[in-house]
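For clarity, every value in this text was computed on a predicted model and none was experimentally measured.
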Amino acid sequence: MQPLLIKYRTYCSSIAISANCQIARYVRLGQIQDARRVFDQVPNKSIVSWNSIIAGYFQNNQPKEALLLFDKMPERNIVSWNGLISGFVKNRMVKEARKVFDQMPERNVVSWTTMVRGYVEEGLILEAESLFWQIPEKNVVSWTVMLGGLIQDGRVDEAQKLYDMMPVKDVVARTNMIAGYCQNGRLAEARELFDDMPRRNVISWTTMVTGYAQNQKVDVARKLFEVMPEKNEVSWTAMLMGYTQCGRIEEASEFFDVMPEKPVIACNAMILGFGQNREVDKARKIFDSMREKDDGTWSAMMKVYELKGSELETLNLFSLMQRQGLRPNFHSFVSVLSVCASLANLDHGRQVHAQLVRSKSDSDVYLSSVLITMYMKCGDLDKAKRVFDRFSHKDVVMWNSMITGLAQHGLGGEALQIFHEMCSLGIAADEVTFVGVLSACSYTGKVKQGKEIFESMNSKYLVEPRTEHYACMVDLLGRAGKVYEAMDLINKMPFEADAIIWGSLMGACRTHMNLDLAELAAKKLLELEPKNAGPYILLSNIYASKGRWADVAELRKNMMARKVSKSPGCSWIDVEKKVHMFTGGESMPHPEHSMIMKMLERLGGLLRESGYCPDGSFVLHDVDEEEKVQSLGHHSEKLAVAYGLLKVPEGMPIRVMKNLRVCGDCHSAIKLIAKVTGREIILRDANRFHHFKDGLCSCRDYW
DNA sequence: GTAGGGTTAG
């Protein structure tokens, strides 16, 4: 051959190689269009060019385009075929991968191993095992894939057996086995293997550190971390997360500050860590300082606001991220739906639902359970049921959402019906199920059924009753007026009663006018929650009614000394897609305050005509009679209802939310308001829903 | 320059 020709050919192939390099580089950067542009311009495409661009489409989740190109290839080698299997596996299309595997002209150990890996990733461990044992010439990689599959399946003992059978064990195989032990808390065995390793690298070290960190041995993890010969950002992040997961946020924060590099994952973990401590500002500082954010960053920050109770900030962030063209992930959807639920912001909730449908996430069982809860808490029972009915395979979480939601709407019968349906389908009830079922019984006065279910929890359903369940039962008995029986249960229960239990007994005693038990419950509650105003006020009312003025004075002194304040009642209503807040007392008045006052006066007149008489015994302030009546007129729920009457178009239900339980006087008043105005009023309080219509409430005055 | 295995999360 002529030297010039050789030179020319070398020149051509070097052009081709550099083109392939460029394609691969663009693929690595996720810039598939740029990769394609280069590919289209290469004059004499080699198999490598084709293989690279096809891999690129697979990596960018465009398997159709990848397959289209594969079909157009002038010739293919085994790498092309294996790339196709691998591409399908990466796109969770294991059936397609298998088809390719069955059709390909020849297979090597990579083809087999990729296919086994495909089954492992789908959790189809039986298929993986059967294929693995058919591999004609296994190598250390095939063995390791199978080992990883068994570990992922939680079968550590079998993994150990397989590990012992391996003819060659390299650092990757050993690290896999160490991780397997660690995930099952078998730290001693992990450490032994780690110490016996002939060679270690940064990943094996990190695996061992993570093992200690995830098993609450952060200090041991830190010691090992300190002596690591080489650290990368994953090692640092793993150590950081050891601290955040144990709730040791201060140490996490110190550690975070000295990290040489702060990868996105670490920042996200630190944001969530601060969230655990409700340190919004520190979390936000990291969030703002991050030049690169991923979807996890946004969902972490949303979660922080959600935990803090800053619902509006969560919603703001959710819309901000979308305005920046980012798609919300699973966790952001969960946060935003929870926030819609707690604000009972039905409009917004519906929009999020529409987005879920668009992003094809509406078939996710978990997300749909959150969606059901959202619709329930927004008072849209029909929509909740529709989401529920769409799923033929419901998990226990979804059943729980439905049962709890029905309970909150006072539909005890329907809740029990759903519960029995779930049991007959063989779905195992869990702790949450029983909180829902028992509170359904409680809210609807089903004392007998409630007791039966509670007593059979352990024997029939194999669920050990916990404090929450005892709380439901105390509530159930107390509401039904069986306060002594409730007291007996508290004495008999195997745990110390908590503030919720005493509070519920106290409430029952107030309703049923049992002053002796009320005093006992209030005193217990005071010990547990010295800053809770409820028991002070109740006690002072009791003492006053008995003329024990010295005790009243003593109580007042204590209240002042401990800086007790009543948690402010607050109600809100959605009008024209805007939330209008009302607080009962003296704080900032609504801009349309005078109109609302006029409405209240008019209502007052109408109510008096129909024989309404304000009931001062519900007022928690210890003021004199006249002031009491005045203050009742200003309770936040009444203000919100009045505003709703002014603004919500005729024929639409008025939906009001309140952060505390509805006051008894307001409850009577709203029943009458519904009657004299002919409007339907739906009030969601801290516990449940009240549907007011024609002078009646769905709770049948039992709440 | 193209195909298979191990470490960080809610």
Side-chain angles (χ1 to χ4, degrees), chain A residues 13-14 16-25 27-28 38 42 46-56 58 76-87 89-90 104 107-118 120 135 138-149 151 170-180 182 201-211 213-214 228 231-242 244-245 263-273 275-276 294-304 329-332 334-335:
Chain A
S13 74
S14 72
I17 289 176
S18 85
N20 294 339
C21 277
Q22 272 190 49
I23 295 175
R25 195 166 55 238
V27 166
R28 270 196 298 278
V38 177
V42 179
S46 68
I47 295 191
V48 177
S49 331
W50 286 89
N51 291 347
S52 308
I53 191 71
I54 290 172
F58 273 124
R76 307 172 181 114
N77 60 13
I78 192 159
V79 176
S80 329
W81 286 99
N82 286 343
L84 200 60
I85 302 183
S86 156
V89 164
K90 281 187 191 119
M104 60 200 288
R107 297 179 194 109
N108 63 10
V109 64
V110 177
S111 340
W112 286 91
T113 307
T114 312
M115 199 58 235
V116 172
R117 173 84 192 142
V120 165
I135 303 183
K138 306 175 195 36
N139 64 13
V140 66
V141 178
S142 349
W143 283 92
T144 308
V145 167
M146 196 60 244
L147 184 72
I151 289 169
D170 63 7
V171 62
V172 179
R174 288 169 204 270
T175 305
N176 247 307
M177 196 61 234
I178 292 173
C182 289
N201 61 19
V202 63
I203 299 183
S204 14
W205 279 91
T206 306
T207 303
M208 199 61 235
V209 168
T210 307
Q214 309 272 30
M228 276 176 78
K231 301 176 178 89
N232 62 16
E233 57 177 47
V234 179
S235 337
W236 281 89
T237 308
M239 192 60 237
L240 174 78
M241 290 198 298
T244 57
Q245 279 165 3
V264 174
I265 291 184
C267 296
N268 297 353
M270 196 63 243
I271 289 176
L272 279 170
Q276 286 176 40
D294 68 1
D295 55 350
T297 315
W298 290 85
S299 62
M301 197 60 226
M302 284 172 61
K303 185 85 197 162
V304 175
N329 66 4
F330 176 89
H331 296 280
S332 352
V334 172
S335 282

**Report entry** Length of the line joining A:Lys138:NZ and B:dG4:C1', which is rounded to integer Å
**Finding:** 15 Å
Report task. Under the salt bridge (Lys or Arg N to Asp or Glu O under 4.0 Å) rule, collect the residues that match up with A:Arg117, sequence neighbours excluded. Result -> A:Glu121
Report task. Identify whether any heavy atom of A:Val89 sits under 4.0 Å from a base atom; if not, whether one sits that close to sugar-phosphate; answer base, sugar-phosphate or nothing. Result -> nothing
Query raised in the report: Under 4.0 angstrom, heavy atoms only, what part of the nucleic acid is A:Val171 near: base, sugar-phosphate, or nothing?
Result: base
Query raised in the report: Heavy atoms under 4.0 Å, any strand shown: does A:Lys90 hit a base, just sugar-phosphate, or nothing?
Result: sugar-phosphate
Report task. Tell me what A:Val109 touches on the nucleic acid: a base, only sugar-phosphate, or nothing, going by heavy atoms under 4.0 Å. Result -> base
Query raised in the report: Counting any heavy atom closer than 4.0 Å, what does A:Gln245 reach on the DNA or RNA strands: base, sugar-phosphate only, or nothing?
Result: sugar-phosphate
Requested in this report: Look at all strands and tell whether A:Asn268 reaches a base, only sugar-phosphate, or nothing, counting heavy atoms closer than 4.0 Å.
Outcome: base
Requested in this report: Quick one: label A:Ile265 by what it contacts on the DNA or RNA (base, sugar-phosphate, nothing), any heavy atom closer than 4.0 Å.
Outcome: base
Query raised in the report: What nucleic acid atoms does A:Gly296 come within less than 4.0 Å of, heavy atoms only: base, sugar-phosphate, or nothing?
Result: base
Query raised in the report: Taking only N and O in the side chain of A:Thr207, is any of them less than 4.0 Å away from OP1 or OP2 of B:dG6?
Result: no
Query raised in the report: Any side-chain N or O of A:Arg107 less than 4.0 Å from the OP1 or OP2 oxygen of B:dG4?
Result: no
Query raised in the report: At their closest point, which heavy atom of A:Ile47 faces which heavy atom of A:Arg76, and how far apart are they?
Result: CD1-C, 4.2 Å
Query raised in the report: B:dG6 C1' sits how many Å from A:Met208 CE, rounded?
Result: 14 Å
Query raised in the report: With A:Ala173, which residues qualify under side chain to side chain contact (heavy atoms under 4.5 Å, CB included), at least two apart?
Result: A:Thr144, A:Met166, A:Asp170
Report summary line: From CE of A:Met270 across to P of B:dG10 the rounded distance in Å is 13 Å
Requested in this report: Report yes if at least one side-chain N or O of A:Gln214 is closer than 4.0 Å to OP1 or OP2 of B:dA9; otherwise report no.
Outcome: yes
Query - Sugar-phosphate only, base, or nothing, as touched by A:Ala266 at under 4.0 Å among non-hydrogen atoms - result: nothing
Requested in this report: Mind checking A:Thr114 for me? I need base, sugar-phosphate or nothing, with any heavy atom below 4.0 Å counting as a touch.
Outcome: sugar-phosphate
Report summary line: A:Trp143 CH2 to B:dG5 P, in whole Å, measures 18 Å
Report task. Would you kindly give the CD1-to-C1' distance between A:Ile23 and B:dA3, to the nearest whole Å? Result -> 16 Å
Query - Separation of atom CE in A:Met239 from atom P in B:dT7, rounded to whole Å - result: 18 Å
Requested in this report: Describe the nucleic acid contact of A:Val145 in one word from base, sugar-phosphate, nothing, applying a heavy-atom distance below 4.0 Å.
Outcome: sugar-phosphate
